[in-house]
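The next block holds one structure in the form of structure tokens; read it before the comments.
Every heavy atom of this structure was used, including side-chain atoms; hydrogens, water molecules and symmetry mates were not. No experiment lies behind these values; they were computed from the predicted model shown.
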Amino acid sequence: HPYYNMVRKMKSIITVFQDDFTLFRGRILDDEVGWHNQKAITCEGDMAFLLDSIVRPFSFTGTPEEFLAHIINSHNSQVDVEKRFTLGRVTVTDPNDYIVRSDIDYVNTWEVIEKKLLDLLGGYIIIRHEEGINYLDYLEEINLLAPQSIQFGKNLLDLKRVRKGEDIATVIIPLGAKLKDAEGQDTDIRLTISSVN
């Protein structure tokens with residue numbers, strides 16, 4: 001392929017089209033080179049661009065749409081042009097249409113969106129590509145439904161199930177907090193519910 005040596009991890013933007021419709025847009029996360037110099041590339045979607053910027057400590061009052069606009073503008077000021085977003089449709093609202101948000105930490109943009117909007121108000125963040133513009137929508141309900149059915153051997157070419165032993169607990173022993181002595185120092189005696197039992 002003419003671009004074999006030109007793709008760069010975390011920098012090159014990969015876009016997959018079906019006719020004029022953008023199926024996927026993202027960046028290269030990993031690449032592997034095999035015995036015969038074949039290259040396998042793993043990509044992550046463009047929503048991961050929100051991990052590349054940091055939101056400085058802030059205090060905000062206003063509508064959810066204004067808050068998201070503030071966060072996107074902060075993101076856009078820190079990243080390359082191809083990683084920027086334009087605020088699209090916002091259908092999530094607060095009953096008062098007035099929210100108060102603040103943070104004293106330096107966290108990435110995605111974490112702010114997740115903790116200060118999605119966890120508290122619900123909804124979905126969707127990236128939409130139209131006429132070369134990357135819109136970020138915040139929707140109460142998703143209205144996109146793929147009409148394509150999944151058929152093994154046609155459009156489902158691989159399936160893998162991984163079970164890790166490290167996720168299995170064979171014994172769980174609940175321990176209460178360590179009790180303090182008269183001087184306020186921790187002891188080896190733990191809080192129990194023996195008086196209740």
Reported CG-to-CG distance for the pair D186 and L179, which is rounded to 0.5 angstrom: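 CG of L179 is found 9.0 Å from CG of D186.
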
Hey, could you give me the CD1/CZ distance between I28 and R8, rounded to the nearest 0.5 Å?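 I28 CD1 to R8 CZ: 10.0 Å, rounded to 0.5 Å.
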
Would you list the pairs meeting salt bridge (Lys or Arg N to Asp or Glu O under 4.0 Å) in which at least one residue belongs to residues 32-44, sequence neighbours left out?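 Residue pairs with at least one partner in residues 32-44: R27-E44.
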
Can you pull the salt bridge (Lys or Arg N to Asp or Glu O under 4.0 Å) pairs that have at least one residue in residues 88-100, sequence neighbours excluded?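 Salt bridge (Lys or Arg N to Asp or Glu O under 4.0 Å) check on residues 88-100 returns R89-D137.
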
Step through the shown structure and confirm whether more than 12 heavy atoms of other residues, nucleotides or ligands are within 6.0 Å of CD1 on I104.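 Incorrect, the count does not exceed 12.
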
Are any non-hydrogen side-chain atoms of [X] and [Y] less than 4.5 angstrom apart?
X	Y	answer
T91	T93	no
R25	H129	yes
V55	I71	yes
L136	I72	yes
R101	L120	yes
D80	K11	yes
D31	T42	no

What is the minimum heavy-atom distance between [X] and [Y], and which atoms define it?
X	Y	value
S102	S59	CB-CA, 3.9 Å
I133	T86	CG2-OG1, 3.6 Å
Y4	V7	O-CG2, 3.9 Å
E82	I13	CG-CG1, 3.7 Å

Tell me, please, which residues at least two apart from [X] pass side-chain contact (heavy atoms from CB on, under 4.5 Å).
X	answer
M47	L50, W110, I125, I127
D105	D103, V107
N73	none
V90	E65, L68, L87, Y138

Salt-bridged, [X] to [Y], with N to O below 4.0 Å?
X	Y	value
K83	D46	no
D30	K9	no
R128	E130	yes

Check ring pair (Phe, Tyr, Trp, His ring centres under 6.0 Å) between F49 and all other residues, then give those that pass, not counting sequence neighbours.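 F49 satisfies ring pair (Phe, Tyr, Trp, His ring centres under 6.0 Å) with no other residue.
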
Pairs involving residues 52-80, ordered by first then second residue, that meet ring-ring contact (aromatic ring centres under 6.0 Å, His included) (sequence neighbours left out):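 Every ring-ring contact (aromatic ring centres under 6.0 Å, His included) pair that includes a residue of residues 52-80, provided the two are not neighbours, is F58-F67, F60-F67, H75-F85.
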
ring-ring contact (aromatic ring centres under 6.0 Å, His included) contacts in which one or both residues fall within residues 7-47, not counting sequence neighbours: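 Listed by first then second residue: nothing to list.
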
If the condition is side chain to side chain donor-acceptor pair (under 3.5 Å), which residues does [X] pass it with, not counting sequence neighbours?
X	answer
R190	none
K178	none
S74	Q78

Residue among T109, N76, N108 satisfying side-chain hydrogen bond (donor to acceptor under 3.5 Å, both in side chains) with S53: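 Exactly one candidate clears the test, T109.
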
Consider only side-chain heavy atoms of I, L, V, M, F, W and Y, link residues closer than 4.5 Å, and tell whether L118 and I99 are in one cluster.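 Yes: a chain of side-chain contacts under 4.5 Å links L118 to I99.
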
If two hydrophobic side chains count as joined below 4.5 Å and joins carry through other members, does L117 share a cluster with Y124?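 Per the 4.5 Å side-chain linkage, L117 and Y124 are not co-clustered.
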
Counting distance only, does the side-chain N/O of D181 pair as donor-acceptor with the main-chain N or O of E183 below 3.5 Å?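 At least one qualifying donor-acceptor pair exists.
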
